[in-house]
Every structure is written in C-alpha cells, then in structure tokens.
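Notes follow the structure.
Since the structure is predicted, the reported quantities are computational estimates derived from the model, not experimental observations. Letters A, B, ... are given to chains in the order of the sequence lines, protein chains preceding strands, and every chain is numbered from 1.
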Amino acid sequence: MSASFADSGILPPAIFLMGPTASGKTDLAIELCQRLPCDIISVDSAMIYRGMDIGTAKPDAAELARAPHRLIDICDPAETYSAADFRRDALREMAEITAKGRIPLLVGGTMMYFKALWHGLSDLPSADPDLRKALQQEAQQRGWEALHQELARLDPTAAALIHPNNRQRLLRALEVVRITGKPISRIWQSQRAQQDESGQIVEDYPYFTQWQADESSTLPYTVVQLAIAPSERRVLHERIRLRFLKMLDLGFLDEVRTLMARGDLTPDLPSMRCVGYRQAWTYLAEDGERDTLVATGVAATRQLAKRQLTWLRKWPEVHWLASETGQNAEKALKIISSRTTFN
RNA sequence: GGCGCGGUGGCAGAGUGGUUAUGCAGCGGACUGCAACUCCGUGUACGCCGGUUCGAUUCCGACCCGCGCCU
C-alpha cells in the first residue's frame with residue numbers, strides 16, 4: 001500500500017480527524033494508524049509545548065511509540081506559535097509523509113489551525129511584539145475606545161466587524177494597518193476578489209468563502225474530514241469531568257508547579273492561558289480551594305469544547321462519528337476508502 | 001413551646017409598592033499570525049396561603065422550612 005502521487009496528477013490523500021476535547025480523537029487516531037499507512041500530525045495549540053503533558057492530555061510514551069505524533073513538543077512554554085506557523089509546519093510534514101507514500105493524518109481540536117491549513121491565510125504580516133506593546137501603551141493613555149475609533153477611521157469595515165471590547169483583535173487590526181499602511185479588511189477583500197474571478201466559490205458554504213485565498217493557498221490534497229464527539233452533551237461533560245480529576249491524580253499540579261518554578265513564565269503567556277493551566281496557576285498562586293480548582297477547570301474545559309463544537313457544527317464536508325459507538329475505526333476506514341483512491 | 005433572624009432564577013448575591021441588579025455556571029454565536037485565545041448574545045427568579053392596594057417579590061397576618069438563642 002504505497003504510491004507516488006507526485007506525478008500521478010491525482011491529489012494525494014490526507015485525513016482530518018477533528019473533535020472537541022475529550023471526545024476520543026487520540027485513541028481513534030492510534031487505531032487508524034494500525035490499519036492504514038498513515039502518520040499522525042497533531043493539530044493542537046497546547047500540545048506543541050514541551051513540559052505540558054498531563055494538562056494537555058498528550059499521548060503517553062507508549063502511545064507515541066506505537067503512533068508517533070508530529071508537531072507536539074516543538075515549542076518552549078515561553079514561546080508563542082501562530083496559525084501561520086502551524087500551516088507552514090503542517091504543510092512541510094504532510095509533504096514529507098506523502099513523499100514516503102504514506103497518508104498524513106491530522107488529528108486535533110484547534111479548529112483555527114485546521115481552517116488556516118485548509119483554506120490558507122491572506123498575505124499579512126506576522127505579529128510585531130514591539131508594536132503591540134506600543135499600542136497597549138497608547139490604549140492606557142488614550143483609552144481603548146479611542147483606539148477603536150482610530151480603527152473606524154482607518155478601516156471602517158474591520159472596525160464594524162471587531163467589537164470595541166475585543167482588544168486582542170482590535171490590536172491585530174491596528175497592527176496590520178500600521179505595518180502595511182493598508183486596512184486589514186482590504187487585504188481580505190482583495191483576496192476574496194481573486195477568488196470570485198477564478199470561480200472557486202462554493203455557494204453552499206458562504207462562510208468559508210469569506211476568506212479563502214488564491215489558488216496557491218488551496219490545500220493540494222484530497223482531504224477526508226472526520227469529526228468525532230459524543231452524541232449527547234451531558235456525556236461529553238461527564239467525560240470532561242472525569243478526565244480533569246484523572247489529570248489531578250496523575251500529578252497535574254506538580255507539572256504546573258514545575259513550570260512556575262522556572263521563574264520566567266507568566267500567566268499571560270499563551271501557554272499558561274491554556275485550559276486547566278490558567279486555573280491551576282491561580283489556585284497555586286492564590287492558595288485557593290481545591291473544589292474551586294475543580295469547578296473552574298472543568299467549566300473552562302466545557303467551554304472550550306463548546307467553542308470547538310461551534311466551529312464543527314457549520315464545518316462543511318465533515319463525516320461524523322459518535323464517541324460512544326463502537327467500531328469507529330471500521331466506520332472511519334469505510335468513509336476514507338470511499339472518498340479516496342488510496343488502497 | 002417562646003423569642004430573634006432568614007427564605008430571591010442551577011449557584012452566589014443586591015434590591016424595589018409599578019420601570020423586573022450583578023457575578024458564576026449553562027445555552028447560542030463570532031473569530032485571517034496569542035485561538036485550549038479573545039469577544040458577543042441569552043433568564044421577569046422572588047417559600048406557601050390569605051389580606052391591604054388600581055397594582056405586591058417588596059406592606060400586614062397565618063403557615064411551612066432553615067439557623068441561632070431561651071425555657
């Protein structure tokens with residue numbers, strides 16, 4: 001079971017396996033690896049961090065030995081990583097896997113990364129920490145409303161789309177205007193226009209045509225998209241609760257203590273704002289109640305799952321699997337073989 | 001048994017004779033370089049019965065429940 005797709009004229013296969021946290025993605029992915037010539041690429045903005053194992057529910061050593069995951073443990077928790085970084089890295093790994101005649105299996109719950117990979121990103125400048133710091137200071141002095149008003153002047157379209165309270169996105173939009181001299185919305189639009197001329201718009205999915213970039217950013221693979229989740233929300237909530245308690249048993253707090261003890265990490269870093277880590281940090285730093293830690297940690301995880309499901313609910317071309325059902329690997333294989341020429 | 005205090009949406013917690021805080025959780029949603037982020041939207045609930053009143057969660061009475069004190 002291997003083939004060269006490079007010169008066959010057929011796009012090589014790739015599999016997306018998506019789902020909310022605690023839905024059983026990792027187990028299913030490992031099972032698929034036993035049955036298909038595929039290699040796993042993690043699509044997870046938290047598992048990228050080294051030393052963050054228990055709280056991210058990273059596969060353990062035995063599982064990794066059976067089914068290696070690419071793009072985990074690639075960053076130090078002091079570092080930041082972006083959707084653009086992910087797209088670049090994932091494309092590189094996918095090419096490498098495909099070159100070996102194998103199938104890239106992209107597994108994870110970071111929907112923004114899936115979207116960036118699948119649809120590409122507009123040609124925008126990356127984050128500029130110094131500029132962001134300067135903008136933050138400006139906000140301190142002039143007020144956040146003033147910054148939003150400035151955006152309304154420079155880029156009314158973006159300002160209408162970004163709520164004044166959404167400082168993170170407001171800063172990003174201002175950052176782009178200041179660096180490029182062009183409104184971020186115009187950059188989105190110019191690429192949408194190209195899209196229109198090439199006739200690539202998929203009418204059924206207007207949402208996804210909003211930002212699809214030019215041909216070159218289209219993913220050169222035949223993608224089979226699978227999503228897995230419990231069919232009932234309450235079941236997902238219970239799985240989340242049990243898993244959080246299990247993490248605590250496994251020494252999650254020690255893991256966070258170790259991170260805090262480094263001395264160079266702060267609670268506002270992306271890594272330390274991850275679900276569970278943020279709550280554990282507060283609990284340890286403020287000597288909180290254990291019941292509160294559990295309640296807030298579990299709630300934060302539920303909220304994460306809800307946001308992931310919001311993405312997934314409107315995601316086109318997904319084939320759904322139910323976590324609690326047996327035989328998901330068989331079902332997945334059936335879907336995969338019916339949608340690709342592989343085998 | 002007597003006296004006192006209190007019973008407000010899933011939880012916490014304000015308050016008012018008519019305009020029905022707030023926080024958390026839940027639910028729905030947005031999201032192009034921090035995305036496990038960030039942000040938006042969403043609930044007439046006032047223990048029970050009767051009375052006063054044009055109108056009662058708010059005033060009065062009885063009752064039930066909880067807490068404290070007393071005999």
Inset, instruction - Please tell me which of A:D85 and A:Y277 maps to the more 5' nucleotide of RNA chain B, matching each residue to the nucleotide holding its nearest heavy atom. - result: A:D85

Inset, instruction - Please work out if A:R132 contacts a base, only the sugar-phosphate, or nothing of the nucleic acid, heavy-atom cut-off 4.0 Å. - result: base

Inset, instruction - Under 4.0 Å between any heavy atoms, over every strand shown, what does A:R172 touch: base, sugar-phosphate, or nothing? Just pick one. - result: base

Legend entry - A:R92/A:E96 salt bridge by N-O under 4.0 Å criterion: no

Inset, instruction - Within residues 244-275 of chain A, find the residues that approach RNA chain B with a heavy atom at under 4.0 Å, and present them sorted by residue number. - result: A:P270, A:R273, A:C274, A:V275

Inset, instruction - Using a cut-off of strictly less than 4.0 Å, decide whether A:T110 has a side-chain nitrogen or oxygen near OP1 or OP2 of B:A36. - result: yes

Legend entry - Listed partners of A:R142 passing side chain to side chain donor-acceptor pair (under 3.5 Å), at least two apart: A:E138, A:E150

Inset, instruction - For B:U32, take OP1 and OP2 only and decide whether either is under 4.0 Å from a side-chain N or O of A:K115. - result: yes

Legend entry - For B:G26, the Watson-Crick or wobble partner whose two distances fall under 3.5 Å: B:U42

Inset, instruction - State yes or no: do A:M111 and A:L71 share one hydrophobic cluster built from I, L, V, M, F, W and Y residues joined by side-chain heavy-atom distances below 4.5 Å, directly or via other members? - result: yes

Legend entry - Distance between C1' atoms of B:G43 and B:C34 (Å, rounded): 33 Å

Inset, instruction - Could you check whether A:T301 gets within reach of a base, just the sugar-phosphate, or nothing at all, counting any heavy atom under 4.0 Å? - result: nothing

Legend entry - N/O donor-acceptor pair under 3.5 Å between A:S23 side chain and A:G19 backbone: no

Inset, instruction - Indicate whether the side chain of A:Y277 and that of A:E255 have a donor and an acceptor atom separated by less than 3.5 Å. - result: yes

Under 3.5 Å, which protein N or O atoms sit close to an N or O of nucleotides 24-26 of chain B? Give each pair with its distance.
| residue | atom | partner | partner atom | Å |
| --- | --- | --- | --- | --- |
| B:A25 | OP1 | A:Q303 | NE2 | 3.2 |
| B:A25 | O3' | A:R302 | NH2 | 3.2 |
| B:G26 | OP1 | A:R302 | NE | 2.6 |
| B:G26 | OP1 | A:R302 | NH2 | 3.3 |
| B:G26 | OP2 | A:Q303 | NE2 | 2.8 |

Inset, instruction - Could you identify which residues cluster with A:V235, counting Ile, Leu, Val, Met, Phe, Trp and Tyr as linked when any side-chain heavy atoms lie under 4.5 Å apart, either directly or through a chain of such contacts? - result: none

Inset, instruction - Kindly label the base of B:G51 as syn or anti, based on whether its glycosidic torsion lies within 90° of 0. - result: anti

Legend entry - Note, A:M52 side chain near A:C274 side chain (heavy atom, < 4.5 Å): yes

Legend entry - Counter-base of B:C63, judged by Watson-Crick or G-U geometry with both distances under 3.5 Å: B:G47

Inset, instruction - Tell me whether the OP1 or OP2 atom of B:A35 has a side-chain N or O from A:Y113 closer than 4.0 Å. - result: yes

Inset, instruction - Indicate, with yes or no, if the rings of A:Y81 and A:Y49 have centres closer together than 6.0 Å. - result: no

Inset, instruction - Enumerate the residues from residues 70-78 of chain A whose closest heavy atom to RNA chain B is under 4.0 Å, giving them by residue number; use none for an empty result. - result: none

Legend entry - Pairwise 5' ranking along RNA chain B for A:Q168 and A:V176, keeping only the more 5' one: A:V176

Inset, instruction - Inspect the contact between A:D249 and A:K246 and indicate whether a charged nitrogen and a carboxylate oxygen are less than 4.0 angstrom apart. - result: no

Inset, instruction - Could you tell me which nucleotide pairs with B:C31 by Watson-Crick or G-U wobble geometry, both distances under 3.5 Å, or answer none if nothing does? - result: none

Inset, instruction - Assign A:A127 to base, sugar-phosphate, or nothing according to its heavy-atom contacts below 4.0 angstrom with the strands shown. - result: sugar-phosphate

Inset, instruction - Establish, with yes or no, whether the OP1 or OP2 oxygen of B:A30 is under 4.0 angstrom from a side-chain nitrogen or oxygen of A:R313. - result: no

Legend entry - Donor + acceptor pair across side chains of A:R243, A:T21 (<3.5 Å): yes

Legend entry - Phosphate OP1/OP2 of B:C34: any A:S82 side-chain N/O under 4.0 Å: no

Inset, instruction - Remember a base hit wins even if backbone is also touched, and classify A:F86 as base, sugar-phosphate or nothing at under 4.0 Å, heavy atoms. - result: nothing

Inset, instruction - Name the orientation class of the two ring planes belonging to A:W315 and A:W118 (parallel below 30°, tilted from 30 to 60°, perpendicular beyond 60°). - result: parallel

Inset, instruction - Over all heavy atoms of both residues, which pair between A:C38 and A:R102 is shortest? Give the atoms and the distance, please. - result: O-NH2, 3.3 Å

Inset, instruction - Round to the nearest Å and state the distance from A:Q308 atom CD to B:G28 atom P. - result: 14 Å

Legend entry - Close residues, residues 139-160 of chain A, relative to RNA chain B [heavy-atom separation under 4.0 Å]: none

Inset, instruction - Answer yes or no: side-chain N or O of A:N166 and base N or O of B:A30 forming a donor-acceptor pair under 3.5 Å. - result: no

Legend entry - A:L106 side chain near A:M18 side chain, heavy-atom distance below 4.5 Å: no

Inset, instruction - Run through A:Q137, A:Q168, A:E175 and flag the one making a side-chain hydrogen bond (donor to acceptor under 3.5 Å, both in side chains) with A:R132. - result: A:E175

Inset, instruction - Using only heavy-atom distances, determine whether the side chains of A:D44 and A:S42 contain a donor-acceptor pair under 3.5 Å. - result: no

Legend entry - B:U19 and B:G15, which share atom name C1', separated by this distance in whole Å: 13 Å

Inset, instruction - Kindly say whether, by distance alone, the side chain of A:R169 makes a donor-acceptor pair under 3.5 Å with the base of B:U38? - result: yes

Legend entry - A:M112 CE to B:A36 P, straight-line distance once rounded to whole Å: 9 Å

Inset, instruction - Pick base, sugar-phosphate or nothing for A:T80, based on heavy-atom distances below 4.0 Å to the nucleic acid. - result: nothing

Legend entry - For A:V294, the option from A:V298, A:T292, A:D291 that meets side chain to side chain contact (heavy atoms under 4.5 Å, CB included): A:V298

Inset, instruction - For nucleotides B:U52 and B:A45, find the distance between their P atoms and express it as a whole number of Å. - result: 26 Å

Inset, instruction - Give one of base, sugar-phosphate or nothing for A:G276, where a contact means two heavy atoms less than 4.0 Å apart. - result: nothing

Legend entry - Complement of B:C3, any strand, by Watson-Crick or G-U distances under 3.5 angstrom: B:G68

Inset, instruction - State whether A:N165 places a side-chain N or O below 4.0 Å from either non-bridging phosphate oxygen (OP1 or OP2) of B:C40. - result: yes

